Amino acid sequence: MRKSDVRTERDVKEYLKDWSEFERSVYLATFKIPEGKVSTYSRIAEVIGKPKAQRAVANALHKNPLYPIVPCHRVVKSDGGFGGEKKAASDRRRHVEREGVPTKDGKVSLSKRVLF
DNA sequence: CCCGTGACCGACT
DNA sequence: CAGTCGGCCACGG
């Protein structure tokens, strides 16, 4: 199946059938984050049942094969900042801002309103 | 199986 | 506040 045809959660699973169980769970959890909201690497780790694997979660999202279908740009650090290389990070920041999430000093204020 | 590599995190200086 | 440190963990070589 082609990336451009991926829409539903089921499509995501199908498209990622050859990826590891861990990575699939990360992309699936991220896929559920609604527009206008964000989550954190920690929360994703908790949701998939691996509370101490935030670092591995970040690694998985770093190689996200379904961007922007799987909205990895909506996953931020616990302090609301955007991780990774400078350019890529600011790109993701602009992307979430465009989706309606306000930022201050390059960071998202993790209020209940925006935190998924 | 050991080892290096990170889009991490909380504690601490 | 900005930096550093140790702990953590899946993945690929």
Side-chain angles (χ1 to χ4, degrees):
Chain A
M1 121 168 277
R2 296 173 309 178
K3 173 177 175 179
S4 60
D5 292 327
V6 176
R7 316 209 172 252
T8 70
E9 185 177 325
R10 199 174 71 211
D11 294 338
V12 176
K13 287 182 185 169
E14 164 63 20
Y15 190 87
L16 300 171
K17 66 176 181 180
D18 291 330
W19 289 65
S20 73
E21 184 58 52
F22 177 81
E23 291 162 327
R24 229 188 339 270
S25 63
V26 170
Y27 297 131
L28 239 29
T30 303
F31 181 68
K32 296 174 179 145
I33 305 174
E35 184 175 331
K37 294 205 169 197
V38 300
S39 188
T40 67
Y41 296 99
S42 278
R43 288 178 65 104
I44 296 294
E46 291 171 22
V47 174
I48 66 176
K50 304 239 166 196
K52 299 178 192 169
Q54 323 96 325
R55 206 150 184 195
V57 167
N59 283 336
L61 291 177
H62 181 49
K63 27 178 204 176
N64 177 15
L66 286 174
Y67 177 81
I69 301 168
V70 165
C72 58
H73 55 285
R74 297 182 191 145
V75 181
V76 302
K77 302 198 290 185
S78 59
D79 68 352
F82 294 78
E85 186 218 1
K86 217 172 181 181
K87 176 127 194 329
S90 65
D91 283 341
R92 300 203 320 275
R93 175 175 55 70
R94 282 193 286 273
H95 198 155
V96 287
E97 291 175 339
R98 175 162 28 100
E99 295 182 331
V101 178
T103 67
K104 188 199 175 201
D105 298 319
K107 295 181 179 178
V108 175
S109 297
L110 272 27
S111 61
K112 291 187 176 178
R113 296 188 43 113
V114 304
L115 191 55
F116 174 61

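Source: prediction; values computed, not measured. A, B, ... follow the sequence lines: proteins, then strands. Residue 1 opens every chain.
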Could you state whether A:V57 and A:L115 fall into the same hydrophobic cluster, counting links through intermediate Ile, Leu, Val, Met, Phe, Trp or Tyr residues with side-chain heavy atoms under 4.5 angstrom apart?
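The answer is no; the residues belong to distinct hydrophobic clusters.
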Test of understanding: clusters of I, L, V, M, F, W, Y form through side-chain heavy atoms closer than 4.5 Å, transitively. Do A:V70 and A:V101 belong to the same one?
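No, it is not one cluster - the side chains of A:V70 and A:V101 are not joined through contacts under 4.5 Å.
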Taking [X] for the side chain and [Y] for the main chain, is one N or O donor matched with an acceptor at less than 3.5 Å?
{"X": "A:R113", "Y": "A:L110", "value": "no"}
{"X": "A:D11", "Y": "A:T8", "value": "yes"}
{"X": "A:R24", "Y": "A:L16", "value": "yes"}

What residues, two or more places apart in sequence or in another chain, satisfy ring pair (Phe, Tyr, Trp, His ring centres under 6.0 Å) together with A:Y27?
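Ring pair (Phe, Tyr, Trp, His ring centres under 6.0 Å) check on A:Y27 returns A:W19.
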Checking A:D18 now: which residues fulfil salt bridge (Lys or Arg N to Asp or Glu O under 4.0 Å) with it, not counting sequence neighbours?
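Counting only residues at least two positions away or on another chain, A:D18 forms no salt bridge (Lys or Arg N to Asp or Glu O under 4.0 Å).
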Sort me out a list of protein N/O and nucleotides 2-4 of chain C N/O pairs below 3.5 Å, or just none if empty.
none

List in chain and number order the residues that pass side chain to side chain donor-acceptor pair (under 3.5 Å) with A:T103, two or more places apart in sequence or in another chain; answer none if no residue qualifies.
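For A:T103 the side chain to side chain donor-acceptor pair (under 3.5 Å) partners, ignoring immediate neighbours, are A:E97.
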Just to be sure I understand the rule, does A:Y41 reach a base, reach only the sugar-phosphate, or reach nothing, if contact means heavy atoms closer than 4.0 Å?
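Counting heavy atoms under 4.0 Å across all strands, the contact made by A:Y41 includes a base.
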Looking across every strand, which nucleic acid part, if any, lies under 4.0 Å from A:S42 by heavy atom: base, sugar-phosphate, or nothing?
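Contact class for A:S42: sugar-phosphate only.
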Starting at [atom1] of [X], measure out to [atom2] of [Y] and round the result to the nearest 0.5 Å.
{"X": "A:R98", "Y": "A:E35", "atom1": "CZ", "atom2": "CD", "result": "9.0 Å"}
{"X": "A:R74", "Y": "A:K37", "atom1": "CZ", "atom2": "NZ", "result": "11.5 Å"}
{"X": "A:L28", "Y": "A:I44", "atom1": "CG", "atom2": "CD1", "result": "10.5 Å"}

My understanding is that a hydrophobic cluster links ILVMFWY residues whose side chain heavy atoms are under 4.5 Å apart, including indirect links. Using that, what else belongs to the cluster containing A:V47?
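ILVMFWY cluster around A:V47 holds nothing else.
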Using a cut-off of strictly less than 4.0 Å between a heavy atom of the residue and any atom of DNA chain C, enumerate the qualifying residues of residues 69-86 of chain A by number.
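By residue number: none to list.
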Close approaches to DNA chain C from residues 43-64 of chain A, in residue order (heavy atom, under 4.0 Å)
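Only A:K50, A:K52, A:A53, A:R55, A:A56, A:K63 qualify.
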What residues from residues 31-38 of chain A pass a heavy-atom cutoff of under 4.0 Å to DNA chain B?
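Contacting residues: none.
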Does anyone know the first and last nucleotide of DNA chain B in reach of chain A, 5' to 3', at under 4.0 angstrom to a heavy atom?
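Listing 5' to 3', DNA chain B meets chain A from B:dG6 to B:dG10.
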Quick one: ring-ring contact (aromatic ring centres under 6.0 Å, His included) pairs with a partner in residues 95-116 of chain A, sequence neighbours left out?
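Only A:Y67-A:H95, A:H73-A:H95 qualify under ring-ring contact (aromatic ring centres under 6.0 Å, His included).
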Which residue pairs satisfy the salt bridge (Lys or Arg N to Asp or Glu O under 4.0 Å) criterion with at least one member in residues 40-58 of chain A, sequence neighbours excluded?
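Residue pairs with at least one partner in residues 40-58 of chain A: there are none.
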Using the C1' atoms only, state how far B:dA7 lies from C:dG13, rounded to an integer number of Å.
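Their C1' atoms lie roughly 22 Å apart.
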Atom pairs and distances, side-chain donor-acceptor, residues 80-91 of chain A, under 3.5 Å, sequence neighbours left out:
residue	atom	partner	partner atom	Å
A:K87	NZ	A:D91	OD2	3.4
A:S90	OG	A:K87	O	2.9
A:D91	OD1	A:R94	NH2	2.7

